[in-house]
Amino acid sequence: MTKPLRLALLLAAAAWLGPQAGAAQAPAPVVLTAATAPANVRPALVRDESALADPVREALRTLPRAKKRFLAGLPNGDQLLLSVRVVASDTSFRRASARVLGWRGGAVQALLLPGAAASAGSTEPVPVSFPEAAVFDWTLLRASGRAEGNYVGRYLDTARQLERLPLR
């Protein structure tokens, strides 16, 4: 049995069994889409979308190819990460990375990576399911260390570097 399949089966079993009696559980992270964002978060989401319009457009244009490659089977050690937005408070969100486990139609099953979960200080990946419409960027990480995609991430890195340049 392959590692991704084994992990997916474990996650499905955990979801089926539900929380254990008396165990304290943090609230599940809420992945945002433009249609499902709470009214208080929408202004911040609209500002983010307009500021990142060009790199997001390119990421979404190329996402179907990345999805097709994932569904065809990635080589051992490669992983597909999707960038999504997660509710951080009543009026804000944070960008988060989710490692794709499965993709069925327009729904993605993934592990929200540490630091992105709703509860601060989370060190374990959190299983989530979200619509493909929630994705705004993707990165294919090769076992060799090479990365493909990451349009928004590279744009933000370049913008930060330009901000640090001294003015003459």
Side-chain angles (χ1 to χ4, degrees), residues 4 7-8 10-20 23-64 66-67 70-71 74 78-141 147-160 163:
L7 185 56
L10 286 172
L11 290 173
W16 182 75
L17 292 173
Q20 297 193 358
Q25 253 188 340
V30 177
V31 176
L32 298 173
T33 65
T36 63
N40 296 344
V41 177
R42 283 193 189 125
L45 193 60
V46 168
R47 282 191 304 274
D48 193 59
E49 287 178 351
S50 64
L52 300 173
D54 290 336
V56 168
R57 187 178 308 113
E58 184 62 16
L60 296 180
R61 184 186 71 76
T62 58
L63 180 62
K67 177 181 178 180
F70 175 83
L71 292 174
L74 296 176
D78 289 6
Q79 50 186 316
L80 181 61
L81 302 177
L82 299 178
S83 297
V84 295
R85 296 173 180 103
V86 178
V87 172
S89 71
D90 288 347
T91 59
S92 68
F93 64 88
R94 76 176 116 214
R95 293 181 192 103
S97 293
R99 181 175 175 258
V100 179
L101 299 174
W103 210 315
R104 185 167 292 138
V108 179
Q109 293 77 39
L111 291 175
L112 205 57
L113 298 180
S119 57
S122 176
T123 59
E124 294 294 319
V126 178
V128 292
S129 181
F130 53 86
E132 189 175 317
V135 176
F136 69 90
D137 197 10
W138 62 271
T139 305
L140 179 60
L141 292 178
E148 297 177 37
N150 195 24
Y151 298 97
V152 174
R154 286 185 291 163
Y155 176 85
L156 291 172
D157 288 345
T158 301
R160 283 186 206 110
E163 287 174 355

> Are side-chain heavy atoms of Phe130 and Val135 found at a separation under 4.5 Å?
Replying inline: yes
> So do Phe70 and Val108 actually touch side chain to side chain, heavy atoms under 4.5 Å?
Replying inline: no
>> For a quick test of reading the model, state the closest non-hydrogen atom pair linking Leu80 to Trp103 and the distance between them.
In response: CD2-CZ3, 3.6 Å
>> So Lys67 and Trp138, do their side chains get closer than 4.5 Å, heavy atoms only?
In response: no
> If you measure from OG1 on Thr36 to CZ on Arg42, what distance do you get to the nearest 0.5 Å?
Replying inline: 8.0 Å
> Hey, what do you get for CG (Leu140) to CG (Asp78), rounding to the nearest 0.5 Å?
Replying inline: 5.5 Å
> Within the distance-only criterion (no hydrogens, no angle test), does the side chain of Arg99 pair as donor or acceptor with the backbone N or O of Leu113 below 3.5 angstrom?
Replying inline: no
>> For a salt bridge (Lys or Arg N to Asp or Glu O under 4.0 Å) check, start with the C-alpha distance between Asp157 and Arg160, then their side-chain angles and the critical distance, and finish with the verdict.
In response: CA-CA 5 Å; Asp157 288 345; Arg160 283 186 206 110; 3.0 Å; yes
>> Tell me the closest heavy-atom pair linking Ala110 and Ala98, and the distance in Å.
In response: CB-CB, 3.8 Å
>> Are the side chains of Val84 and Val128 in contact, using a 4.5 Å heavy-atom criterion?
In response: no
>> Less than 4.5 Å apart, side chain to side chain, heavy atoms only: is that true for Asp137 and Arg95?
In response: no
> Which heavy atom in Leu60 sits nearest to a heavy atom in Pro64, and how many Å separate them?
Replying inline: O-CD, 3.4 Å
> What closest approach, in Å, do Val86 and Ala96 show between heavy atoms, and which atom pair accounts for it?
Replying inline: CG2-CB, 3.6 Å
> Nearest 0.5 Å, what's the CG-CG distance between Leu141 and Leu74?
Replying inline: 10.5 Å
> OH of Tyr155 to CD of Glu58: how many Å apart, nearest 0.5 Å?
Replying inline: 14.0 Å
> For the atom pair CZ (Arg85) and CG (Asp48), what is the distance rounded to the nearest 0.5 Å?
Replying inline: 4.5 Å
> Which pair of non-hydrogen atoms, one from Gln109 and one from Ser129, has the smallest distance, and what is that distance?
Replying inline: NE2-OG, 3.9 Å
>> Quick check: closest heavy atoms across Gly153 and Asn150, and the distance to 0.1 Å?
In response: CA-OD1, 3.2 Å
> What's the spacing between Ser50 OG and Leu45 CG if we round to 0.5 Å?
Replying inline: 10.0 Å
